[in-house]
Amino acid sequence: MLESWREIHAWGRESCFRREKTGDIFSDPTETRLKQTQTLGYSSFCLFFSLMMAERVENQADPKTPTENGTSTPERISFSAKPNLEDIRQLQAQFTDERDWNQYHQPRNLLLALVGEVGEVAELFQWKGEVEEGLPDWSEQERMALSHELSDVLIYLVELAEKCHVDLPRAVLEKMELNRIKYPASKVRGSAKKYTEYQD
Ligand SMILES: Nc1ccn([C@H]2C[C@H](O)[C@@H](COP(=O)(O)OP(=O)(O)OP(=O)(O)O)O2)c(=O)n1
């Protein structure tokens, strides 16, 4: 486990230094590392969020299956294979190029647009109280609105990652590996505590 952590750490350092050498993104090395870490963390969070939410919308028609402890959980759905994240990046690049909108799509503007769209997702849930997985009580219109807002989140997230030179699919794999190391299943199974709350 320690070895894989070291490998990931070494890869991250090497990747940051390579970008510094080529003059990518930020000129100050410390700022480069800090900003990339922050961006990567935030981007990964938003990606997990939008994918998890999309999965819950799609889940609504699935039957429930019992788990070991007697509770029931909906069966997992799977996404369409296409478009993948690179396809989405290219489609959005084409969309912005055709409109000469790159002049507005700098990282900070994209971040604000992304946060705005996350707010629009939140608005759909506002005042509904706890919502059951699969959204069985939602109308078709509400479900459609959610799928559109989640798509807006993903589109801006992918473009933000591109404009920050974060290779998002690779970053997600790296972050998930870090998550596995931080939260070993053998240690945390069944508990939602933050890793900082564990004693050892
Ligand atoms: N300058 C812009 C404006 C829009 N879009 C694209 C990306 C989003 O997927 C979508 C966002 O469009 P709107 O800002 O019109 O937001 P909504 O579609 O959410 O509309 P509304 O705010 O009315 O719900 O369009 C974009 O790339 N760049």
Side-chain angles (χ1 to χ4, degrees), residues 15 19 22-26 31-32 34-62 74 76-176:
S15 150
R19 285 172 182 220
T22 55
D24 271 0
I25 314 176
F26 303 103
E31 195 183 5
T32 302
L34 183 66
K35 296 279 189 206
Q36 280 192 320
T37 308
Q38 287 170 341
T39 306
L40 192 141
Y42 187 72
S43 302
S44 301
F45 163 76
C46 289
L47 181 63
F48 293 147
F49 171 77
S50 58
L51 294 182
M52 268 173 52
M53 293 298 296
E55 188 183 63
R56 272 157 177 67
V57 177
E58 294 290 329
N59 246 336
Q60 35 102 17
D62 284 338
R76 295 277 161 82
I77 62 129
S78 54
F79 291 140
S80 314
K82 287 282 194 177
N84 60 32
L85 293 182
E86 171 56 14
D87 296 331
I88 295 169
R89 187 197 66 73
Q90 285 183 22
L91 287 167
Q92 176 65 359
Q94 191 182 353
F95 176 85
T96 53
D97 285 349
E98 283 166 356
R99 287 159 184 77
D100 190 22
W101 279 359
N102 268 306
Q103 56 183 311
Y104 308 116
H105 283 213
Q106 298 93 348
R108 192 188 59 135
N109 280 350
L110 289 168
L111 175 60
L112 292 173
L114 169 62
V115 171
E117 297 297 344
V118 171
E120 291 188 39
V121 174
E123 205 176 344
L124 293 171
F125 284 83
Q126 194 170 287
W127 314 127
K128 284 191 190 298
E130 193 48 272
V131 170
E132 202 181 321
E133 185 159 341
L135 319 180
D137 302 326
W138 287 37
S139 67
E140 273 311 310
Q141 201 183 357
E142 287 174 315
R143 217 171 267 131
M144 178 69 75
L146 180 59
S147 71
H148 288 165
E149 299 307 347
L150 289 175
S151 301
D152 289 336
V153 170
L154 184 59
I155 290 164
Y156 281 134
L157 171 68
V158 167
E159 194 180 355
L160 175 62
E162 179 199 41
K163 294 285 165 69
C164 293
H165 295 195
V166 170
D167 180 351
L168 202 50
R170 186 175 173 180
V172 167
L173 284 183
E174 183 191 340
K175 185 61 176 72
M176 285 183 137

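Just follow the structure's listing: the first ligand is 1, and inside any ligand the first atom is 1. Atom set for the values below is all heavy atoms of this structure, side chains included, hydrogens, waters and symmetry mates excluded.
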[X] neighbourhood, listing ligand 1 atoms whose heavy-atom distance to it stays under 4.0 Å:
X    : answer
E117 : 11 (C), 16 (O), 19 (O)
H105 : 1 (N), 2 (C), 26 (C), 27 (O), 28 (N)
I155 : 9 (O)

Query raised in the report: So with a 6.0 Å cut-off around CD of Q141, is the heavy-atom count from everything else above 12?
Result: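 No.
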Geometric N/O contact [X] with ligand 1, under 3.5 angstrom:
X    : result
T96  : no
E120 : yes
W101 : no

Query raised in the report: Should the proximity of E149 to ligand 1, defined as any heavy atom under 4.0 Å, be assigned to the side chain, the backbone, both, or neither?
Result: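 Just the side chain.
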Requested in this report: Heavy-atom distances under 4.0 Å are what count here, so tell me which part of E159 touches ligand 1: side chain, backbone, both or neither.
Outcome: neither
Report task. Compute whether any side-chain donor of one residue and acceptor of the other, for Q90 and E86, lie under 3.5 angstrom apart. Result ->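 Short answer, yes.
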**Report entry** R143 side-chain N/O to L135 backbone N/O, donor-acceptor pair under 3.5 Å
**Finding:** yes
Query raised in the report: Given side chains that start at C-beta, do those of K163 and N102 come closer than 4.5 Å, heavy atoms only?
Result: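 Heavy-atom side-chain distance check passes, below 4.5 Å.
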